[in-house]
Amino acid sequence: MTSRKHVCQIVPPYLMQRLNAGRLDQDNAFRAARAEHLTRVLAQRPAPEAGETTAEAGDWTVYTANNGTDLPGEKVRAAGDPESGDESVDEAATGITASLALFEEVYGRDSYDGRGIEVVMTVHYDRDYANAFWDGTQLVFGDGDGEIFQRFTKAVDVIGHELSHAVTEHTAGLVYQGQPGALNESMSDVFGSCLKQRLLGQSADEADWIIGEGLFTESVQGVGLRNMLEPGTAYDDPNLGKDPQPAHMDDIYDGTDDNGGVHINSGIPNRAFALAAKAIGGSSWDGAGKIWYAALTSGAVTTDTDFAGFAAATIAEAGDQAEAVTTAWSEVGVAPASGMPAPDGEVPTVVRVRRSGGFLGRTKEGVAELSPSAAHAAALRDLVGGDVTPSKPKGADRYIYEFEVDGRTVVVHEGDMSPELRAVANELLES
């Protein structure tokens with residue numbers, strides 16, 4: 001797939017404008033959290049195994065810009081090298097090693113391009129630079145302004161967030177505008193949060209779901225840049241204002257700022273992921289994270305996929321967890337798009353239901369396309385898969401249901417409906 005390169009920054013423009021409007025073109029992305037986050041992460045991370053090789057550590061190099069803007073700058077440390085003594089360099093090294101391990105060990109992906117490409121990082125970018133970004137070639141981290149933001153390597157999920165932009169660019173290539181751009185931002189928050197939780201050994205229920213913990217100075221009234229579980233609650237500060245992220249489609253931002261709200265509206269899919277992860281249970285990276293990654297790389301998600309399209313892609317990949325994922329999207333007001341391709345080239349199951357009869361004698365119809373692996377699909381195929389004798393009416397004024405699955409039909413009277421069939425029928429008739 002041809003990648004679309006764009007600068008993906010972690011601090012949103014609406015925040016940078018409040019801090020320093022003159023640097024809005026340079027700065028764009030994060031905001032918050034506890035100063036000792038990375039220290040805790042390092043303390044809980046297991047020591048390297050004896051004889052660990054550079055290949056096992058991942059192929060990466062950290063440079064310093066020495067507070068200039070020439071990239072990549074001066075080489076300081078590569079995979080396999082000992083610590084340099086520079087906090088930013090060594091935090092970047094730890095963060096990228098853990099990020100690459102997440103993608104390789106959990107999702108089977110070798111670096112961001114899937115082919116083991118070297119990851120290039122630069123720290124100490126510019127002076128008082130309050131941002132981090134992916135520029136289509138490398139990751140870049142500033143030292144912060146010291147008033148609002150601390151150094152951007154301090155929060156490990158920031159490193160995971162920026163690497164994930166590279167993964168998205170080399171897979172679905174979501175354009176950095178409107179809903180696709182908000183999905184792009186959300187994917188980075190999803191995998192950045194999975195990384196943080198994995199390093200801390202937290203379950204989805206134990207996680208705080210804060211993005212950018214460790215970035216804000218003590219003067220800021222806020223817990224982080226974003227709260228995935230409760231968008232809009234991350235900060236409320238006299239200088240920064242209140243976190244503007246919506247948690248539901250009813251409140252979606254439809255203006256032109258921030259590339260059509262890519263950092264604002266990412267709160268909606270962020271909350272859907274957090275809700276799905278908690279409903280599925282266990283670890284976010286191994287549960288909902290695998291579903292989201294499978295959707296991102298399935299081919300069903302393309303450059304201009306919107307929230308509804310991505311919701312449908314995750315549901316198609318969810319298998320036994322389809323109901324939990326569907327409910328999560330429903331709670332944020334996103335109705336999955338129909339007609340999405342099934343994973344691995346499978347042909348979708350076309351399901352129609354027609355309800356007639358009843359006291360009023362009215363007829364109602366509904367139709368949907370289900371992935372063959374989706375919940376209820378197997379039961380519906382079994383229903384029409386053999387020689388079926390239509391059931392006989394039981395009682396008067398009851399409904400008659402006609403199910404059609406991939407062109408084959410069967411009639412079932414209301415009295416013979418199983419709870420599962422009734423749930424499917426109701427869902428299709430309400431769609």
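The six-membered or imidazole ring of Phe191 lies near that of Phe103, with a centre-to-centre distance under 6.0 Å.
Considering Glu185, Glu169, His165 as possible partners of Tyr176, the one that fulfils the side chain to side chain donor-acceptor pair (under 3.5 Å) test is Glu185. Remark: of the listed residues Phe141, Phe152, Phe133, Tyr63, Phe133 is the sole one forming a ring-ring contact (aromatic ring centres under 6.0 Å, His included) with Tyr125.
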Pairs of donor and acceptor atoms involving the side chains of residues 264-271, under 3.5 Å and at least two apart or interchain, shall be tabulated with distances.
{"residue": "Asn265", "atom": "OD1", "partner": "Tyr253", "partner atom": "N", "Å": "2.9"}
{"residue": "Asn265", "atom": "ND2", "partner": "Tyr253", "partner atom": "O", "Å": "2.8"}
{"residue": "Ser266", "atom": "OG", "partner": "Gln245", "partner atom": "NE2", "Å": "2.9"}
{"residue": "Ser266", "atom": "OG", "partner": "His263", "partner atom": "O", "Å": "3.2"}
{"residue": "Asn270", "atom": "OD1", "partner": "Ser186", "partner atom": "OG", "Å": "2.7"}
{"residue": "Asn270", "atom": "ND2", "partner": "Asp189", "partner atom": "OD2", "Å": "3.0"}
{"residue": "Arg271", "atom": "NH1", "partner": "Leu229", "partner atom": "O", "Å": "2.5"}

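A 6.0 Å sphere centred on CG of Asp254 holds no more than 12 heavy atoms belonging to other residues, nucleotides or ligands. Heavy-atom neighbours of Asp70 CG from other residues, nucleotides or ligands within 6.0 Å: at or below the threshold of 12.
Gln197 and Ser283 share no donor-acceptor pair across their side chains, judged by distance under 3.5 Å alone.
The CZ atom of Arg198 lies 5.5 Å from the CG atom of Leu102; values are rounded to the nearest 0.5 Å.
Ala166 pairs by the side chain to side chain contact (heavy atoms under 4.5 Å, CB included) definition with Tyr112, Trp134, not counting sequence neighbours.
A donor-acceptor pair under 3.5 Å links the side-chain atoms of Lys242 to the main chain of Gly232, judged by distance alone.
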Start with the C-alpha distance between His124 and Asn67, add both sets of side-chain angles, then the distance that settles side-chain hydrogen bond (donor to acceptor under 3.5 Å, both in side chains), and finish with yes or no.
CA-CA 5 Å; His124 301 308; Asn67 299 122; 4.9 Å; no
Between Ser193 and Asp157, is the side-chain hydrogen bond (donor to acceptor under 3.5 Å, both in side chains) condition met? List the steps.
CA-CA 6 Å; Ser193 187; Asp157 49 355; over 6 Å; no
